[in-house]
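Comments concern the structure below.
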Amino acid sequence: METNLCVAGFGGQGIMTLGKFLADTVCHRTEKNVTFFPSYGAEQRGGTANCYVVISDGKIGAPLGEVMDELIIMNEPSLKKFLKTLKSGGTLFLNNSLINCEVEREDITLIEIPATQMALEIGNIKVLNIVMLGVYIGYTGILSEEAVWKTIEENLSRKASLLPLNKKAYEAGLAYGRERRGK
Amino acid sequence: METNLCVAGFGGQGIMTLGKFLADTVCHRTEKNVTFFPSYGAEQRGGTANCYVVISDGKIGAPLGEVMDELIIMNEPSLKKFLKTLKSGGTLFLNNSLINCEVEREDITLIEIPATQMALEIGNIKVLNIVMLGVYIGYTGILSEEAVWKTIEENLSRKASLLPLNKKAYEAGLAYGRERRGK
Amino acid sequence: MAKVEIVTERCKSCGYCIKFCPKEVLAIGKKVNSKGYEFVEAIKPENCNGCAICARMCPDGAIDVYK
Amino acid sequence: MAKVEIVTERCKSCGYCIKFCPKEVLAIGKKVNSKGYEFVEAIKPENCNGCAICARMCPDGAIDVYK
Amino acid sequence: MTRIFMKGCEAIAEAAVRAGCRFFAGYPITPQNEIPEYFARRMPEVGGVFIQGESEIASVNMVYGAASSGTRAMTSSSSCGISLKSEGISYAASARIPMVYCNVQRGGPGVGAIQPAQQDYFQATKAGGNGGFRMMVFAPSTVQEAIDLTYGAFDYADRDRNPVLILADGVIGTMMEPVSLPEMKPESEIEAIKQSKLKWACVGHELDYPNRSWIEPGHWNTADMQKANEEALKVYEAWEVNDVKVEEYMIDDAEVVLSAYGISGRIAAAAVDKLRAAGIKAGLIRPITVSPFPYSSYDKIDYKKCKGILSIEMSIPAQFAEDVKSAVKERCLVSTCLCSGGNIMSEQAVIDGVKKIMEGRV
Amino acid sequence: MTRIFMKGCEAIAEAAVRAGCRFFAGYPITPQNEIPEYFARRMPEVGGVFIQGESEIASVNMVYGAASSGTRAMTSSSSCGISLKSEGISYAASARIPMVYCNVQRGGPGVGAIQPAQQDYFQATKAGGNGGFRMMVFAPSTVQEAIDLTYGAFDYADRDRNPVLILADGVIGTMMEPVSLPEMKPESEIEAIKQSKLKWACVGHELDYPNRSWIEPGHWNTADMQKANEEALKVYEAWEVNDVKVEEYMIDDAEVVLSAYGISGRIAAAAVDKLRAAGIKAGLIRPITVSPFPYSSYDKIDYKKCKGILSIEMSIPAQFAEDVKSAVKERCLVSTCLCSGGNIMSEQAVIDGVKKIMEGRV
Amino acid sequence: MNLIYTRTKTIQEDKVSGFCPGCMHSTVIKLIGEVIEELNVVDKTCCITGIGCCGLHMDYIAYDTITAPHGRACAVATGIKRTNPESLVFTYQGDGDLAAIGLAETLSAANRGENFTVIFVNNGIYGMTGGQMAPTTLIGMKASTAPAGRNAKEHGYPMHMCELMNVLTAPYYLVRTSCNTPANVTRTKNAIKQAFKNQLEGKGFSMVEIVTSCPTNWGMDALSALDFIQDKMLAEFPLGVIRDKSKEAD
Amino acid sequence: MNLIYTRTKTIQEDKVSGFCPGCMHSTVIKLIGEVIEELNVVDKTCCITGIGCCGLHMDYIAYDTITAPHGRACAVATGIKRTNPESLVFTYQGDGDLAAIGLAETLSAANRGENFTVIFVNNGIYGMTGGQMAPTTLIGMKASTAPAGRNAKEHGYPMHMCELMNVLTAPYYLVRTSCNTPANVTRTKNAIKQAFKNQLEGKGFSMVEIVTSCPTNWGMDALSALDFIQDKMLAEFPLGVIRDKSKEAD
Ligand SMILES: Cc1ncc(C[n+]2csc(CCOP(=O)(O)OP(=O)(O)O)c2C)c(N)n1
Ligand SMILES: Cc1ncc(C[n+]2csc(CCOP(=O)(O)OP(=O)(O)O)c2C)c(N)n1
Ligand code: SF4
Ligand code: SF4
Ligand code: SF4
Ligand code: SF4
Ligand code: SF4
Ligand code: SF4
Ligand SMILES: [Mg+2]
Ligand SMILES: [Mg+2]
């Protein structure tokens with residue numbers, strides 16, 4: 001089994017961190033293989049940022065698939081750019097707070113999340129990515145919820161004051177994701 | 001017919017000029033092919049300086065032969081270095097003013113010239129190379145005496161005051177060379 | 001009688017115009033442009049004196065000034 | 001009682017020693033060494049005071065001084 | 001062994017530290033910035049020296065200096081920065097100074113694109129600088145392999161007194177994977193390595209003309225220079241016999257053989273599995289040393305069965321393919337699957353390339 | 001035509017001037033100093049610009065600038081200095097800027113030896129810099145040929161918008177021979193050439209976004225970068241068809257074929273005559289363009305008669321021989337005759353090499 | 001109402017620059033464009049762009065531009081200007097480009113008194129590559145390659161390019177400005193105009209050093225970076241005219 | 001009688017230097033050797049030789065030496081000294097090497113305050129390659145690449161390396177001497193000794209610039225070159241201590 005995931009949005013939305021937390025968890029808390037591949041442009045800010053995570057029971061070839069099993073999309077330009085890469089039957093996690101346009105594919109599962117709004121409600125737009133991570137885990141169950149939280153915790157160990165906020169965000173996301181899976 | 005000549009001595013003895021005058025004359029006043037190839041080391045002064053002249057009716061391959069038809073040798077280190085390259089039956093023009101050692105080959109023609117002394121007598125050690133050039137032409141007749149003089153004249157045109165001295169040197173050399181050929 | 005117009009797609013929300021406007025005309029808005037920046041709005045357009053300090057400070061040429 | 005000795009193979013005939021010798025001890029000789037340089041000779045060795053100026057000026061370390 | 005999650009660039013740097021590298025000088029350039037940045041943090045912890053040179057040229061020459069004094073030393077850059085180092089590398093090869101450098105290749109030519117590519121193959125394998133010297137060139141296809149090859153590179157460099165190149169690419173440099181790290185060499189061993197070089201290293205010697213250190217990247221005397229070239233040649237020739245590294249994957253019964261190095265090699269390996277699953281008997285030859293090139297691996301192909309070779313690389317024009325062709329010697333068709341300029345090789349393109357061969361469409 | 005007696009370096013410089021070169025920047029290095037020195041005297045006479053750059057890097061980039069503005073421009077150096085230029089050359093290739101440069105090769109690697117060599121063959125033909133670009137590379141074997149090739153090089157550079165390399169060596173650069181010079185291009189023609197480049201040259205344009213000049217040695221967008229690589233490839237491929245230059249000398253009935261370029265090619269030609277005189281049916285293939293390489297010339301050899309090929313070059317390890325082998329494709333034995341490090345190829349060694357082949361001693 | 005201020009036409013209408021929010025590269029590019037427009041020299045302008053964030057303007061401006069290899073802009077400019085003396089040639093370079101890898105090319109061109117203009121954007125850091133130490137990084141300032149901050153003993157002190165050039169005889173005009181306040185923006189624009197005019201009059205080499213910020217790699221927002229410029233950068237790099245030969249009695 | 005002056009043991013007994021008659025490279029090499037001997041540091045000395053006639057001493061001296069690529073001696077020295085802080089490391093460079101191609105490496109090392117010594121032999125010309133113009137060639141002086149003589153408008157003015165470095169904060173000791181008179185030879189030797197001592201005491205960067213002659217490429221005999229140094233070179237390059245931090249109150 002191999003899962004190809006692409007996470008995309010604006011620079012500054014924590015895209016890379018989201019992908020890295022996921023991949024890191026696979027590395028340290030499972031026996032699976034995993035790759036994380038950031039994609040970058042010349043500009044330090046602005047434009048889209050995206051990264052690829054491949055999780056597999058076997059050896060991994062290219063660290064970026066051409067056909068994605070899942071997409072986590074945080075803004076409109078990324079939706080336009082990446083939607084076509086999602087396989088038929090794939091899942092699209094969409095931050096619909098920032099996206100006005102219609103998703104014009106019927107052959108996929110669409111999970112819409114008002115993530116920016118949720119983050120703002122939690123108290124800080126910066127936890128947007130943790131909300132999305134929570135939703136992703138809650139919905140897919142690809143990794144144990146606790147394992148991912150451990151990763152978040154360890155990585156934020158030097159900014160412990162931020163932990164409660166992130167916990168809140170993660171749990172809100174998990175809840176949202178679990179609930180959508182229930183449907 | 002191809003003639004391979006090597007001229008060698010100290011830097012500062014006008015070795016390159018001698019070779020160049022010769023080659024230049026072939027270029028401008030005959031139909032033959034000719035190459036001039038200077039050999040240089042890292043040091044600007046001191047040590048031996050040498051150059052190669054190849055004169056041929058046909059195409060010329062390497063601009064430096066491995067086996068020389070003729071050698072013009074102006075000092076002792078050069079004699080040691082180049083004597084072995086002279087073909088059997090070849091001619092060695094030797095400035096014996098500066099050379100004490102014996103020439104230990106019987107299979108060659110040796111033309112000894114007290115060239116430094118002659119130059120000093122003419123009035124300037126600097127015309128040493130022109131004396132040697134004169135001897136070489138006087139002896140070999142490989143080029144017309146006038147043609148070579150024309151080259152010298154043209155090349156010295158910007159220092160016309162030096163012409164009489166050079167004329168004297170050239171003629172002394174020619175006379176010496178012609179006389180040796182006579183023998 | 002003066003007026004500023006924000007070319008919203010150019011604004012990157014740096015805040016320079018806001019900081020240097022002598023009349024507190026400007027503020028960061030709530031909407032984001034297609035690059036993801038919360039662009040500036042004229043919150044007190046009536047105060048504008050047309051000094052164009054905002055526009056001159058704007059790195060990205062996002063402000064047009066009329067007078 | 002002083003004396004200079006020229007290491008003739010090292011001398012390049014630059015003339016510095018001659019120029020700076022306060023006692024006019026030295027001069028370019030007529031003989032050449034194996035590199036082709038007319039090396040320096042002590043023409044008035046008896047005048048030498050052993051000041052070693054010549055040797056210190058000699059770029060090539062061609063002069064030994066005794067005193 | 002514990003798995004840790006590391007970025008290629010950082011893994012290369014850590015492997016170097018563990019191999020005893022105690023001097024690194026480099027200059028920023030994407031996609032290898034994490035190498036100098038890692039050393040900047042790490043060197044003070046191990047008593048090593050990190051310097052950000054004022055340029056690639058300064059950096060390579062700092063390494064030439066440090067390595068000339070016997071220290072295990074390294075530099076890195078990407079593509080255009082590697083061009084700038086080529087004079088310094090050539091000096092090291094001429095003076096027979098052991099050093100390691102890494103090229104995290106990006107699109108080219110010129111400043112090119114900051115995204116991953118494999119466009120410096122010929123420069124790496126044939127002409128790392130002027131003068132016709134050769135180097136061992138290692139081409140990792142996973143982060144783990146990058147670690148292992150870097151760790152070993154210092155030994156080869158010291159053995160041969162020659163520069164060694166880690167030819168990575170932007171994917172290997174920037175991706176993260178679980179890896180395990182080799183042991184850190186103890187200080188005593190690192191010191192002993194340095195001591196063993198004192199006979200030629202430039203650190204000061206007792207007054208003893210013939211035995212002083214004279215690091216010579218050239219010779220006044222042409223006979224000496226030629227002799228130096230001939231001695232180097234002997235070293236190069238020994239590699240062909242002793243040091244070729246290659247991954248040969250299911251070539252025995254292959255009706256089509258893929259060949260690729262580095263990240264393309266990894267992608268090709270995945271394609272082989274998919275092709276086999278789809279009933280196509282594919283195999284793979286993946287040079288790990290692209291210099292010395294594993295020519296003889298291509299002799300193991302059963303050319304009676306093999307319909308063709310697909311040479312895969314992220315370079316237009318093809319470069320690696322020329323070596324593949326030399327190895328195949330027209331025993332069967334060699335076709336290419338290429339991309340370049342920062343585009344990453346697509347597994348699908350590889351599979352399509354294979355299918356074309358199988359269907360006789362090339 | 002009048003014969004004049006010229007040194008190779010000066011002849012190259014004069015040929016460039018006559019071809020309309022009006023900008024030269026260079027830096028001293030033996031054995032090519034006479035090129036900048038000649039331009040220093042000559043450029044003011046023709047209203048051109050000579051600059052001694054502060055380095056090879058500065059020089060090549062001055063030329064990159066001048067050529068980007070449409071001026072015919074040139075630089076030159078030798079071996080290690082050429083390594084330093086490799087980034088700049090790669091930029092020119094990427095941005096498709098026409099320029100000419102000359103490498104008067106000396107011994108290597110590193111600073112090597114100031115005497116003549118042919119040790120930069122791979123660098124010249126395979127990897128003039130990073131990124132896998134290609135160039136036309138001309139290898140003169142006489143001073144006259146150096147003139148003619150240099151004169152023509154500017155036309156090729158302009159046609160292809162690509163750098164062109166004159167691959168000379170220390171013998172060609174420093175020897176003197178009688179030559180005749182091509183005509184000086186009239187100022188009007190030189191001006192017209194510059195005008196014809198205004199559509200892309202960087203000299204200022206009316207305000208008109210899409211049509212302004214934007215000299216791009218790289219692309220933000222990887223698709224654009226790949227497209228640039230593909231377009232360049234088309235240019236390179238056309239050379240193979242249209243622009244190969246080679247001297248084939250008595251190969252029809254040859255029982256042994258010598259192959260060599262540049263000064264070695266000339267020495268080999270003389271050896272062929274001597275061998276023929278001695279009753280050995282020798283022939284010669286002398287690539288004049290070493291890139292594109294004249295592969296098909298080797299197909300003209302009658303391999304039923306030919307006992308072997310002797311590949312001759314002033315490089316250890318052999319480099320040119322690898323291309324010869326690629327061309328010969330094992331249809332007969334290829335052996336080498338080599339020297340390096342500033343030693344000049346000996347005619348006798350060539351003849352001995354041939355005899356060994358004839359006597360089956362290789 | 002009339003439009004009294006808008007973007008210079010030398011910025012492409014449909015393009016937004018790739019610079020970060022508040023990055024003064026954007027300001028400087030705008031000012032250069034305004035000067036070019038005011039001097040009416042668009043049709044003879046050649047910008048030689050260094051490698052760095054400065055390159056992010058290439059697809060944004062509307063006049064001729066060429067990318068020089070990292071650090072070599074002054075050499076490239078020399079080639080262009082010497083063969084096109086009528087063109088207005090300027091380089092646009094960052095501190096890494098101009099003062100580290102390009103130090104020799106920069107100073108040598110200044111020493112030759114080349115008749116072009118150098119626009120030097122000093123943000124005290126390598127912006128594009130993500131915050132490595134530059135020759136102008138302040139003592140104590142952290143950089144990704146100086147994680148404990150620049151340390152005089154190990155890294156030396158910040159380099160002052162105007163002052164270095166002031167030791168050379170040839171340069172005509174050397175000035176240091178900033179863009180952190182409206183007054184400084186105006187001064188910067190005037191300095192650029194002065195420098196371009198010098199060139200058009202054949203006076204020789206001018207350099208305008210502009211002390212700017214790199215909010216992204218300084219790790220602060222654009223407004224805090226304004227304070228950092230004022231408090232820290234300008235303390236190390238005092239503003240003013242370092243040399244103006246037009247003002248010298250000769 | 002006792003031998004009161006002879007060659008330093010750091011010169012190989014059976015070797016004659018490859019320098020031209022009167023070339024002061026030879027003098028400087030001798031003085032360096034005398035200092036090394038007097039300080040008794042032969043066994044920890046590493047000379048980093050630039051490319052130029054300076055390289056002609058490599059086969060002549062008796063201590064460790066390494067040839068740096070042209071212009072890069074200060075970078076090579078940085079690598080050696082940082083990994084061997086106990087060694088006495090000095091570069092030996094000509095004006096082309098140090099001030100043209102190597103300008104960035106030289107100034108950057110000085111700016112970092114590297115704890116080694118630069119011996120800078122300024123003969124105003126490219127010696128080894130046969131007389132091309134150097135950054136320090138005097139105005140009006142002919143060179144093979146400036147056949148009409150150096151011309152300020154085209155080539156700029158001679159560069160003053162000590163003065164340039166004096167703008168930097170880190171350098172510890174900057175001095176300019178010559179070898180054209182017995183007194184100056186002594187001063188040169190003292191300066192070298194001072195510079196080496198600074199290094200052994202960990203004081204940081206020192207440079208000794210020595211104004212010398214290149215009789216061969218100046219086209220004059222060695223004695224006339226002495227006059228040329230005195231009359232022309234020293235007028236442009238005044239001798240003296242440009243900086244000595246040991247003398248600064250701090
Ligand atoms: C030869 C070479 N070396 C390194 C790089 C990578 N590089 C790109 S931008 C840059 C630094 C830019 O810093 P600076 O000049 O200060 O400009 P800024 O981005 O800060 O404006 C570097 C090192 C390159 N492209 N080419
Ligand atoms: C990269 C490179 N460029 C050029 C040269 C050629 N070269 C050898 S010595 C030299 C100049 C030496 O001049 P300088 O540094 O002034 O030393 P001098 O000979 O005058 O003492 C040059 C350019 C080289 N060896 N390497
Ligand atoms: S024009 Fe002046 S008053 Fe109006 S918004 Fe801008 S800064 Fe404020
Ligand atoms: S200065 Fe410009 S970019 Fe910054 S907030 Fe104001 S309008 Fe937006
Ligand atoms: S020691 Fe003094 S007096 Fe004696 S020769 Fe030398 S300089 Fe003259
Ligand atoms: S100073 Fe030395 S080299 Fe010069 S002439 Fe005197 S002894 Fe000879
Ligand atoms: S990284 Fe810094 S210099 Fe680059 S655009 Fe962003 S703020 Fe400007
Ligand atoms: S050429 Fe000049 S610098 Fe070189 S050894 Fe001769 S005199 Fe000295
Ligand atoms: Mg910067
Ligand atoms: Mg010099």
Side-chain angles (χ1 to χ4, degrees), chain F residues 22-25 43 47-73 75 85-92 94-95 97 99 129 194 198 200-221, chain G residues 8-15 18 33 36-37 40-49 51 55-56 58-89 91 101-102 104-109 111-112 114 116:
Chain F
R22 287 297 174 271
F23 184 86
F24 179 92
M43 279 305 201
V49 178
F50 163 79
I51 305 189
Q52 178 178 325
E54 59 273 23
S55 68
E56 287 84 357
I57 292 181
S59 303
V60 74
N61 283 303
M62 289 173 184
V63 168
Y64 172 70
S68 290
S69 75
T71 305
R72 286 195 158 182
T75 186
K85 290 187 197 285
S86 63
E87 187 203 27
I89 300 295
S90 179
Y91 264 67
S94 190
I97 299 301
M99 54 168 283
K194 183 158 181 171
L198 284 188
W200 56 262
C202 186
V203 285
H205 284 87
E206 294 290 330
L207 193 62
D208 170 11
Y209 308 155
N211 293 323
R212 71 176 174 133
S213 160
W214 181 14
I215 308 277
E216 290 178 283
H219 296 270
W220 298 133
N221 183 307
Chain G
T8 156
K9 292 201 193 71
T10 61
I11 288 175
Q12 295 187 35
E13 212 156 295
D14 54 339
K15 297 273 171 64
I36 291 172
E37 216 184 317
N40 196 18
V41 287
V42 143
D43 62 340
K44 54 180 186 172
T45 295
C46 304
C47 170
I48 292 91
T49 305
I51 301 266
L56 295 174
M58 288 181 306
D59 194 19
Y60 174 65
I61 57 170
Y63 41 87
D64 284 11
T65 183
I66 165 170
T67 303
H70 191 36
R72 321 305 176 186
C74 283
V76 175
T78 299
I80 297 208
K81 183 69 185 190
R82 292 263 184 144
T83 50
N84 302 278
E86 299 306 316
S87 293
L88 179 85
V89 174
T91 71
I101 189 169
E105 286 76 11
T106 309
L107 289 179
S108 299
N111 190 54
R112 285 191 305 268
E114 294 292 341
F116 59 70

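Only a predicted model underlies this, so the values are computations on that prediction, with no experimental measurement involved.
Using modelled atom types, one side-chain atom of F:Arg212 and one backbone atom of G:Ile61 make a donor-acceptor pair closer than 3.5 Å.
How far CG of G:Leu56 is from CH2 of F:Trp220: 5.0 Å, rounded to the nearest 0.5 Å. Atoms OG1 and CD, on G:Thr49 and F:Glu216 in that order, are 11.0 Å from each other to the nearest 0.5 Å. Taking CD of G:Glu105 as the reference point, atom CD1 of F:Ile57 lies at 6.5 Å (rounded to 0.5 Å). Taken from CE in F:Met62 to OG1 in G:Thr83, the straight-line distance is 11.5 Å, to the nearest 0.5 Å.
Using a 4.5 Å cut-off between heavy atoms, F:Ala58 touches chain G through backbone and side chain atoms alike. Contacts between F:Ile51 and chain G at a heavy-atom distance below 4.5 Å involve the side chain alone, from C-beta outward. For G:Thr45, the part lying under 4.5 angstrom from a heavy atom of chain F is the backbone only. Neither the backbone nor the side chain of G:Glu86 comes within less than 4.5 Å of any heavy atom of chain F. Residue contact with chain G, scored on non-hydrogen atoms closer than 4.5 Å, involves the side chain of F:Ser55 exclusively. No part of G:Asn111 comes within reach of chain F, as not one of its non-hydrogen atoms sits under 4.5 angstrom from that chain. Using a 4.5 Å cut-off between heavy atoms, F:Ala73 does not touch chain G at all.
Annotation: side chain of G:Lys9 is in contact with side chain of F:Leu207 (closest heavy-atom distance under 4.5 Å). A heavy-atom distance below 4.5 Å is found between the side chains of F:Glu54 and G:Arg112.
Residues G:Thr67 and F:Tyr64 approach most closely at O-OH, 2.8 Å, considering heavy atoms. The shortest non-hydrogen separation linking G:Pro69 to F:Glu87 is CB-OE1, 3.5 Å. For the pair G:Ile11 and F:Tyr209, the tightest heavy-atom approach, listed with the atom from each and the gap, is O-OH, 3.2 Å. Nearest heavy atom pair, residue G:Ile80 against residue F:Gly65, reads CG1-O, 3.2 Å. The shortest non-hydrogen separation linking G:Asp64 to F:Ser213 is OD1-N, 2.9 Å. Heavy atoms only, all atoms of each residue included: G:Cys46 and F:Cys202 are closest at SG-O, 3.3 Å.
Highest contact tally toward chain G, considering only F:Ser69, F:Ser59, F:Ala95, F:Gly218, is held by F:Ser69 [criterion: heavy-atom pairs under 4.5 Å]. For the options F:Asn211, F:Val63, F:Asn61, heavy-atom pairs under 4.5 Å to chain G are most numerous at F:Asn61. Contact tally against chain G (heavy-atom pairs below 4.5 Å) for F:Pro217, F:Gly48, F:Ser68, F:Ser90: the top residue is F:Pro217.
In this structure, the side-chain hydrogen bond (donor to acceptor under 3.5 Å, both in side chains) partners of F:Lys194, at least two apart in sequence or on a different chain, are F:Thr71, G:Asn84.
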